[in-house]
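Working notes, beginning with the structure itself.
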Amino acid sequence: MNKLIVILGPTASGKTALSIKLAKKFNGEIVSADSRQIYKGMDIGTAKPSPQAKPRRMAGPSCIVEGVAHWLIDIKNPNELYSVAEYKENAIKIIKDIHKRGKTPIMAGGTGLYIKSVVENLDIPQVEADPILRQKIEKEIEKKGLNFVFEKLIKLDPEAAYIVDPKNPRRVIRALEITLLTKKPFSSQRKSGKPLFDVLEIGILTQKEKLKERINFRIDKMVKEGLVDEVKNLIKKYGKAQIAFDAIGYREIIDYLNKKITLEQALENMKINTWHYAKRQMTWFNADKKVNWIKNYKEAEKLIKKFL
RNA sequence: GCCGGGAUAGCUCAGUGGUAGAGCACUGCUCUGAAAAAGCAGUGGUCGAAGGUCCGAUUCCUUUUCCCGGCA
């Protein structure tokens, strides 16, 4: 089975730097697993690696950083939708291509679900997001309450009661979307397939206080580097109401531009929200028993040497 | 100096004569086509201090300290 290295960790833990160093050492190419770096123009706020060259070829990597090819960055405009299912499909194709060229694929990122979709070969129900149907269900929730819609789901798919969180509108909506569009119960569609690759997962171990400091420092830096202008340009081009802008750094700056909060408050909110995000990432990654937690580059190198 | 208003969880504030709540923060968790999203749960307070009334005071009374307004 072909091999895949995964570098994961909470935001601001140093995934980018580590993965580039490892890619250089092991003749690797990087497959980003980041749900926001997907989007063009969202650069500063998503802490994208800064590229030396952007290849012209449509089929090539998104960018080259320090001589290392990066994939799955800047592949969508902020007004386009993207999803785990698409990510899984894109990533597998690219990983296979990297193998074919005799190089080592290194998946690096903080979007746990994206990583899981590939590593565990999640069998995501073949039902595309239907924005119109979702809006309809959302309105129904507004009028009759979430519980009413949940009961409706249970009538169509009694088993869903055990799987779907009745208090989470997004989960209820998706489950209903699937049962309505496939005419088959949602509960029977949550599976995963056989593993696609031989995977080594490496997690960057961080110290709480240090990570908090790094997050705060990075956010101050983003604003100094022009995050406000970046957001202004994006909303001029796409408007404020894009799903892609529901991202830390973007929604707070949009609040500031709407004069709802001061810039200082926007920064404060960004720091708190990023910390919450980092904690959520940690609980996600901690639940994954396959992760090898490392403290430094050397440990990662050692693990990979043994693995390859 | 005088007259008001306030002092309750880390913060902003509700509230009651029978030892107290909310939102946010904090901590833990969930996650299969929006995942930097969306949701769930939990911890936390000698109710500014000292006296008094009362079976019982965070609540009523007195004094006191500090804050915020107004008048001088």
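Only heavy atoms go into these numbers, but all of them, side chains included; no hydrogens, no water, no symmetry mates. Letters A, B, ... mirror the listed sequences (proteins, then strands); counts begin at 1.
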Within this structure, what is the [atom1]-to-[atom2] distance between [X] and [N], rounded to whole angstrom?
| X | N | atom1 | atom2 | result |
| --- | --- | --- | --- | --- |
| A:Asp165 | B:A41 | CG | C1' | 11 Å |
| A:Ile38 | B:G33 | CD1 | P | 16 Å |
| A:Leu81 | B:A35 | CG | C1' | 14 Å |
| A:Asn168 | B:C40 | CG | P | 7 Å |
| A:Asp34 | B:A35 | CG | P | 10 Å |

Kindly say whether [Y] contributes a backbone atom to a donor-acceptor pair with the side chain of [X] at under 3.5 angstrom?
| X | Y | value |
| --- | --- | --- |
| A:Asn292 | A:Ile202 | no |
| A:Glu299 | A:Asn296 | no |
| A:Asp97 | A:Lys93 | no |

Short side-chain N/O contact to [N] OP1/OP2 from [X], under 4.0 Å:
| X | N | value |
| --- | --- | --- |
| A:Arg280 | B:G28 | no |
| A:Arg134 | B:A34 | yes |
| A:Tyr82 | B:G33 | no |

Answer with yes or no whether [X] presents, from its side chain, a donor or acceptor under 3.5 Å of a partner atom in the base of [N].
| X | N | result |
| --- | --- | --- |
| A:Glu138 | B:A34 | yes |
| A:Asp246 | B:A34 | no |
| A:Arg174 | B:A34 | no |

With side chain to side chain donor-acceptor pair (under 3.5 Å) as the rule and sequence neighbours excluded, what pairs involving residues 1-28 of chain A come up?
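Sorted result for residues 1-28 of chain A: A:Thr11-A:Arg218, A:Lys24-A:Glu66.
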Can you tell me how far P in B:U53 sits from the matching atom in B:A57, rounded to whole Å?
11 Å
Suppose you measure atom C1' in B:U12 against the same atom in B:A7; what distance do you get, rounded to whole Å?
14 Å
Do the side-chain N and O atoms of A:Lys240 and A:Asn258 include a donor-acceptor pair separated by under 3.5 angstrom?
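Yes.
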Say whether A:Glu252 and A:Asn273, considering side chains only, have a donor N or O and an acceptor N or O under 3.5 Å apart.
yes
Sort out the partner of [N] for me: Watson-Crick or G-U wobble, both distances under 3.5 Å, none otherwise.
| N | result |
| --- | --- |
| B:A7 | B:U65 |
| B:C31 | none |
| B:A25 | none |
| B:A57 | none |
| B:G1 | B:C71 |
| B:G17 | none |

Check this for me, if you would: do [X] and [Y] make a salt bridge, where the nitrogen-to-carboxylate-oxygen distance has to be below 4.0 angstrom?
| X | Y | result |
| --- | --- | --- |
| A:Lys116 | A:Asp288 | no |
| A:Arg174 | A:Glu177 | yes |
| A:Lys191 | A:Asp123 | no |
| A:Lys48 | A:Asp43 | yes |

What's [X] touching, base or sugar-phosphate or nothing? Going by heavy atoms closer than 4.0 Å.
| X | result |
| --- | --- |
| A:Thr46 | base |
| A:Gly112 | nothing |
| A:Tyr87 | nothing |
| A:Thr283 | base |

Over 60° means perpendicular and under 30° means parallel, so tell me whether A:Tyr114 and A:Tyr82 are parallel, tilted or perpendicular.
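Judged by the thresholds at 30° and 60°, the geometry between A:Tyr114 and A:Tyr82 is perpendicular.
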Output a table of nitrogen or oxygen pairs between the protein and nucleotides 25-27 of chain B separated by less than 3.5 Å.
{"residue": "B:C26", "atom": "OP2", "partner": "A:His276", "partner atom": "NE2", "Å": "2.2"}
{"residue": "B:U27", "atom": "OP1", "partner": "A:Lys208", "partner atom": "NZ", "Å": "3.1"}
{"residue": "B:U27", "atom": "OP2", "partner": "A:Lys279", "partner atom": "NZ", "Å": "2.2"}
{"residue": "B:U27", "atom": "O5'", "partner": "A:Lys279", "partner atom": "NZ", "Å": "3.4"}

Which parts of residues 226-240 of chain A get close to RNA chain B, meaning a heavy atom less than 4.0 angstrom away?
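Those residues whose heavy atoms fall under 4.0 Å from RNA chain B, taken from residues 226-240 of chain A, amount to none.
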